[in-house]
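Here the structure is laid out as structure tokens; the discussion comes afterwards.
Sequence lines set the chain letters: A, B, ... in the order given, protein chains first and strands last, and positions in each chain run from 1.
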Number of protein chains: 2
Amino acid sequence: MDQILKKPIRAKKSRRNKSAPKAGIRQKKQRLILKAAEKVFSEFGFRGATTQMIADRAGIPKANLHYYFPTKLVLYRKIIEEIFSIWLEAAQSFDENSDPVEALSRYIDKKMEISRSHPFGSKIWANEVMHGAPIIQDYLETTLREWTDSRMVIIQRWIDDGLIDPIDPRHLLYMIWASTQHYADFVHQIKTLNGGKKLSDTQWDNAREDVKTIILNGIGATKRVAK
Amino acid sequence: MDQILKKPIRAKKSRRNKSAPKAGIRQKKQRLILKAAEKVFSEFGFRGATTQMIADRAGIPKANLHYYFPTKLVLYRKIIEEIFSIWLEAAQSFDENSDPVEALSRYIDKKMEISRSHPFGSKIWANEVMHGAPIIQDYLETTLREWTDSRMVIIQRWIDDGLIDPIDPRHLLYMIWASTQHYADFVHQIKTLNGGKKLSDTQWDNAREDVKTIILNGIGATKRVAK
DNA sequence: AAAAATCTTGACCAGTTGGTCAACACTGAT
DNA sequence: ATCAGTGTTGACCAACTGGTCAAGATTTTT
């Protein structure tokens, strides 16, 4: 997940690689650039974003940005990879809980949490997929597909065991993704419809609870609702 | 909804406006351009799309495109307006049915249908909102807000009448939008996860039924399920 | 037929963009 | 102090973009 940066710029001839301070600067600046890029990409899309904008937001000259990330594409891909790994982590709950109510509750909780804390990432992903995933198609075909397949098996088992109603696991997953990510991708619309004010803590709580309630009730999983 | 084209290019001095043939060409070509633009915008976003691409796809020179649509922005807005009006029409079911199961079933059906038949439009809308609605903010604040408010009143009445469980009407609407539009906006991802093949008629039927089932069950609306 | 209106288009332009590069600055080791 | 490795940056460029324009083609009206 790190091999994209081809240039092994750092530490080549220096005999002792004890030059920690430089390495620190390097990492710190890359972080800075990535954070700026995430926001700019999410706001303007890949083509809409300019390296100049990103550099400006990071408070550095454009040339300096290109010193750390040779091309706009490398920078973009780096960001997508991070988002993706965050999403995968959120799905641990499937492995840690055998009970569907527990597992799905936690998964939805986490996904909603990510929508709130990482809205930019979610938008970039959505943007990328909406445009036909020109840059991350390989991810869809490998990692995401494998992940999805394995989760569908688990859901199917719940159905076979009579723990939830018989629905196509695929559509359940899509619905969870759609409903939770909607709060990140469409945050602007939600905000506008909320009188121009972003959702309060309470409103977020309500949203999370409503999403959970509807989905869990919707698949007949609520013999005992985890509240 | 038509006042955007400021240039009243047509019929100005010609005394008799019986010049039907020209007018026909005009309309036909505008349609052609709009259709091409819809696809290109949905694929590349506003900034990513170039007027050259649109002209190419429409099979005309770029200059000709600019003869009919003075700027890229005018063309874009025109498209957004069309999409929006299609979505509003889909919501008639709220007025025509007093029963929540009936009203919501039809609404979801229609929304899913639109996702299938107008995926480009949905993507453009999503793209626009995700980027902060720079061009259609007025729509969100006026038409969409009014529409949403009026529907929320209806849903709230269902709750008061004990026809559905007490959930925040807002989140029910968001969930319906998210779940149905997901099948348009993320069609590429769905296709990839479906082995690279787009959904068959049967799969679309299943998707539609599952979405309806989960949502209607989810809000406790299914004393009698409309099947 | 010929004038008037409308439509078509190749050539062009000014502004912007991603990316380069050579000169310069800093840091830490010897 | 010196020097190699690393980091910084203003200036630059070739490619591309939205949009213009004037000359010409086509159709309709007189």
Side-chain angles (χ1 to χ4, degrees), chain A residues 5-33 36-37 40-41 44-78 134-135, chain B residues 5-33 36-37 40-41 44-78 134-135:
Chain A
L5 254 21
K6 274 159 198 158
K7 258 197 252 178
I9 299 169
R10 169 147 71 94
K12 196 124 189 224
K13 282 183 194 163
S14 66
R15 293 175 214 171
R16 276 180 250 174
N17 191 8
K18 218 170 58 178
S19 56
K22 276 286 170 77
I25 282 177
R26 187 165 191 77
Q27 208 167 34
K28 203 172 284 185
K29 227 160 194 190
Q30 281 185 341
R31 273 279 131 228
L32 185 76
I33 294 169
V40 174
F41 277 133
F44 301 96
F46 179 71
R47 290 188 72 162
T50 69
T51 52
Q52 186 65 66
M53 286 185 211
I54 297 171
D56 286 350
R57 187 176 291 262
I60 59 171
K62 191 181 68 165
N64 198 7
L65 180 151
H66 277 102
Y67 172 71
Y68 286 108
F69 297 93
T71 69
K72 189 163 88 157
L73 201 126
V74 164
L75 183 53
Y76 184 74
R77 231 191 120 92
K78 189 86 181 165
I135 295 168
Chain B
L5 253 22
K6 276 160 197 156
K7 258 198 250 175
I9 298 169
R10 168 147 71 94
K12 195 123 189 225
K13 283 183 194 163
S14 63
R15 291 177 213 168
R16 276 181 247 172
N17 192 8
K18 217 169 57 178
S19 57
K22 274 287 173 73
I25 281 176
R26 186 167 191 77
Q27 207 167 34
K28 203 173 285 184
K29 224 155 193 195
Q30 282 185 340
R31 272 280 131 228
L32 184 77
I33 294 169
V40 174
F41 278 134
F44 301 96
F46 178 71
R47 291 189 72 161
T50 69
T51 52
Q52 186 65 65
M53 286 185 209
I54 297 171
D56 285 350
R57 187 175 291 260
I60 60 171
K62 192 181 66 167
N64 198 6
L65 181 150
H66 277 103
Y67 172 70
Y68 286 107
F69 297 92
T71 69
K72 188 163 89 157
L73 202 126
V74 164
L75 182 53
Y76 184 74
R77 232 191 120 92
K78 188 88 181 165
I135 295 169

> When all nucleic acid strands are considered with a 4.0 Å heavy-atom cut-off, which category describes A:Ala55: base, sugar-phosphate, or nothing?
Replying inline: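 Result for A:Ala55 = nothing.
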> Using a cut-off of 4.0 Å on non-hydrogen atoms, how would the nucleic acid contact of A:Lys62 be classed: base, sugar-phosphate, or nothing?
Replying inline: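 A:Lys62: base contact, heavy atoms under 4.0 Å.
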> In this structure, which one of A:Thr50, A:Thr51, A:Asp56 forms a side-chain contact (heavy atoms from CB on, under 4.5 Å) with A:Lys62?
Replying inline: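 Testing each of A:Thr50, A:Thr51, A:Asp56 against A:Lys62, the sole residue satisfying side-chain contact (heavy atoms from CB on, under 4.5 Å) is A:Thr51.
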Rounded to the Å, how far apart are [X] [atom1] and [N] [atom2]?
X	N	atom1	atom2	result
A:Phe44	C:dT16	CZ	C1'	15 Å
A:Lys28	D:dG7	NZ	P	14 Å
A:Met53	C:dT16	CE	C1'	11 Å
B:Asp56	D:dG18	CG	P	12 Å
B:Leu32	C:dT8	CG	C1'	14 Å
B:Ile33	C:dC7	CD1	C1'	12 Å
B:His66	C:dG10	NE2	C1'	15 Å
A:Phe46	C:dT17	CZ	P	14 Å

Presence of [X] side-chain N/O under 4.0 Å of [N] phosphate oxygens OP1/OP2:
X	N	value
A:Arg47	D:dT17	yes
B:Arg26	C:dT6	no
B:Tyr67	D:dT20	no
B:Lys72	D:dT17	no

> Side chain of A:Tyr68: nearest nucleotide among D:dT8, C:dG18, D:dG19?
Replying inline: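 Of the options given, the side chain of A:Tyr68 lies nearest D:dT8.
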> Among C:dT8, C:dT17, C:dG19, which is the nearest nucleotide to the side chain of B:Asn64?
Replying inline: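 Closest nucleotide among those given: C:dT8.
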Between [X] and [Y], what is the shortest heavy-atom contact and its length?
X	Y	result
B:Ile135	B:Arg77	O-NH1, 2.7 Å
B:Ala49	B:Phe41	CB-CD2, 3.6 Å
A:Phe46	A:Lys72	O-NZ, 2.7 Å

> Atom CZ in A:Phe69, atom NZ in A:Lys29: separation rounded to 0.5 Å?
Replying inline: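 Output value for this atom pair is 12.0 Å.
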>> Using heavy-atom distances to pick each residue's nearest nucleotide on DNA chain C, tell me which of A:Thr51 and B:Ala63 is more 5'.
In response: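 Counting from the 5' end, the first nearest nucleotide belongs to B:Ala63.
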